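What follows is a short report on a single structure.
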Amino acid sequence: MRSYSAYIVPNQVPEPGPDGVVGTSADGPLVTIYDYAPAYRGSGFVAQQPVNRPAGREDHANSFEGTVTKRGANLFGETSILLTKNHRWIVGVPQSPNDNFNPLDQTWGVTFRVKVAYSAPHGIQLSANELVFSGVPGQRTYLFRGLPQLSTVTIPLERFGSEKGPIRQSLDFRIGKRITFERYHLEGALDLINSLNANPAWTTNYASGPAFNYATSIQGPRTARLSAIFGF
C-alpha cells in the first residue's frame with residue numbers, strides 16, 4: 001500500500017567502505033537513498049499482497065556441459081565440466097528505488113568433476129571422485145540507519161560477484177569388496193569423504209563492518225564411513 005512512487009525523498013549519506021566506519025580512508029562516495037513521504041507513515045500502509053514480477057524481470061540461466069568417458073573391462077573413467085551463466089534479479093519485484101542498486105546477478109558458475117573406478121581381482125572395487133566448484137559469489141552491503149521514515153535500509157554497494165569465496169573442492173575415495181554365495185552376495189565398503197580435509201568457505205558475510213569477509217560456514221571435515229549391503 002506504500003507504492004513505489006511514494007519514495008520521493010532523497011537522502012545523501014556517506015558510504016563507509018568495508019570497515020563500516022565513516023570517516024576513514026576506505027570511505028566511498030555519497031549514496032542517494034530514497035525515503036517515502038511522511039504522508040505514508042504508519043502501519044496502515046503496510047499489507048501483504050502476492051504480485052507477478054514486472055515484464056523483463058524474469059530470471060534465467062544458460063549452461064554448457066562437456067563430458068568425456070572411458071570404459072574398459074576393469075577400468076572406468078569420466079570427467080566433465082559444467083559452465084553456467086546466470087541472469088538473476090536480486091529483488092524480483094522492486095518496491096522502491098533502493099531495490100535498483102546493483103540489482104543483477106550475471107555471474108558464471110563452474111563445476112568440474114573427475115571419477116575413476118577400477119575392478120581389481122578377488123572382487124575388490126576401488127574408486128575416486130573429485131569435485132571442484134567455483135567460489136560462491138556475493139556483493140558488499142551496508143545497513144544504513146537514521147532515515148526519517150524508513151529508519152534503516154540495507155543497500156548493495158557493489159555489483160553481485162564483486163566478492164567471491166574460494167574455490168571449493170572435495171576428493172573422495174572408496175574401497176570395497178564383494179563376496180558371492182550362489183544366489184546371495186555381500187558387499188562391504190569404506191568411504192573416505194573429503195579425504196584432504198579441505199575447509200573452504202561455502203558462505204561468507206559481506207556486510208560492511210567488523211565481520212566483513214568472515215566465513216559463516218565451511219566445508220564439512222574429513223569423514224570415514226563404513227557400509228554393508230546384503231543382496232538376495
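In this chain, residues are counted from 1 in sequence order. In this text the structure is predicted, and so the values were computed from the model without any measurement.
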Using distance only, find each side-chain donor-acceptor pair of residues 13-25 under 3.5 Å and give its atom names and separation, not counting sequence neighbours.
from, atom 1, to, atom 2, distance (Å)
Glu15, OE1, Arg140, NH2, 3.1
Glu15, OE2, Gly17, N, 2.5
Glu15, OE2, Arg140, NH1, 3.1
Glu15, OE2, Arg140, NH2, 3.4
Asp19, OD1, Val21, N, 3.1
Asp19, OD2, Thr24, OG1, 3.0
Thr24, OG1, Ala26, N, 3.3
Thr24, OG1, Asp27, OD1, 3.4

Please tabulate, for the side chains in residues 222-232, all donor-acceptor contacts under 3.5 angstrom to protein atoms that are two or more places apart in sequence or on a different chain.
from, atom 1, to, atom 2, distance (Å)
Arg222, NE, Ser195, O, 2.8
Arg222, NH2, Ser195, O, 3.2
Thr223, OG1, Pro221, O, 3.0

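Looking at residues two or more places apart in sequence or on another chain, you find a side chain to side chain donor-acceptor pair (under 3.5 Å) between Gln149 and Arg41. Qualifying ring-ring contact (aromatic ring centres under 6.0 Å, His included) partners for Phe133, counting only residues two or more places apart in sequence or in other chains: Trp202. For Ser119, the side chain to side chain donor-acceptor pair (under 3.5 Å) test picks out Gln125, with sequence neighbours left out. By the side chain to side chain donor-acceptor pair (under 3.5 Å) test, Asp35 pairs with no residue at all, sequence neighbours left out. With sequence neighbours excluded, the residues satisfying ring-ring contact (aromatic ring centres under 6.0 Å, His included) with Tyr40 are Phe45. Taking Tyr34 as the reference, nothing meets the ring-ring contact (aromatic ring centres under 6.0 Å, His included) condition, with sequence neighbours excluded. Under the ring-ring contact (aromatic ring centres under 6.0 Å, His included) criterion, His122 pairs with no residue at all, not counting sequence neighbours.
Proximity of Ser151 to Arg145: side-chain heavy atoms (C-beta onward) are nowhere separated by under 4.5 Å. Residues Thr67 and Thr79 form no side-chain contact, since every pair of their non-hydrogen atoms from C-beta on lies 4.5 Å or further apart. Between Asp172 and Arg174, every side-chain heavy-atom pair lies at or beyond the 4.5 Å cut-off. For the pair Tyr36/Ile8, no side-chain contact is recorded, criterion being any heavy-atom separation below 4.5 Å from C-beta on. A 4.5 Å side-chain heavy-atom check between Asn11 and Thr32 finds every atom pair outside the cut-off. Residues Asn213 and Thr204 are in side-chain contact: their nearest non-hydrogen atoms beyond the backbone lie under 4.5 Å apart. Counting heavy atoms from C-beta outward, Ile155 and Tyr142 have side chains that stay 4.5 Å or more apart. Contact annotation: the side chain of Pro94 approaches that of Pro54 to within less than 4.5 Å [non-hydrogen atoms, C-beta and beyond].
Side-chain contacts under 4.5 Å among hydrophobic residues (ILVMFWY), followed directly or transitively, place Phe212 together with Tyr206.
Summarising the geometry of Asn98 relative to Phe101, their closest heavy-atom pair is O-CD1, 3.3 Å, with the distance given to 0.1 Å. Between Arg57 and Asn100 the shortest heavy-atom distance is NH2-OD1, 3.6 Å. When all heavy atoms of Arg159 and Asn102 are compared, the pair lying nearest together is N-OD1, 3.4 Å. The heavy-atom pair separating Ala215 from Ile218 by the smallest distance is CB-CG2, 4.3 Å.
Although no hydrogens or angles enter the test, the distance criterion places no donor-acceptor pair under 3.5 Å between the side chain of Thr141 and the main chain of Pro156.
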Take Phe76 and Thr69 through the test side chain to side chain contact (heavy atoms under 4.5 Å, CB included) and record every step on the way to the result. CA-CA 8 Å; Phe76 169 84; Thr69 303; 3.7 Å; yes
Decide yes or no on side chain to side chain contact (heavy atoms under 4.5 Å, CB included) for Ile179 and His185, but give the supporting numbers first. CA-CA 6 Å; Ile179 303 174; His185 67 269; over 6 Å; no
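Here the straight-line distance linking atom CD of Glu65 with atom OG1 of Thr84 works out to 8.5 Å at 0.5 Å rounding.
Residue pairs satisfying the salt bridge (charged side-chain N to carboxylate O under 4.0 Å, His left out) criterion with at least one member in residues 2-14, sequence neighbours excluded, are absent. Among pairs with a residue in residues 105-115, those fulfilling side chain to side chain donor-acceptor pair (under 3.5 Å) read Glu78-Arg113, Asn86-Thr107, Arg88-Asp105, Asp105-Thr107, at least two apart in sequence or across chains.
Atom CG of Leu196 has more than 12 neighbouring heavy atoms from other residues, nucleotides or ligands inside a 6.0 Å radius.
The hydrophobic cluster containing Val153 also contains Val31, counting ILVMFWY residues as joined when their side-chain heavy atoms lie under 4.5 angstrom apart, directly or transitively.
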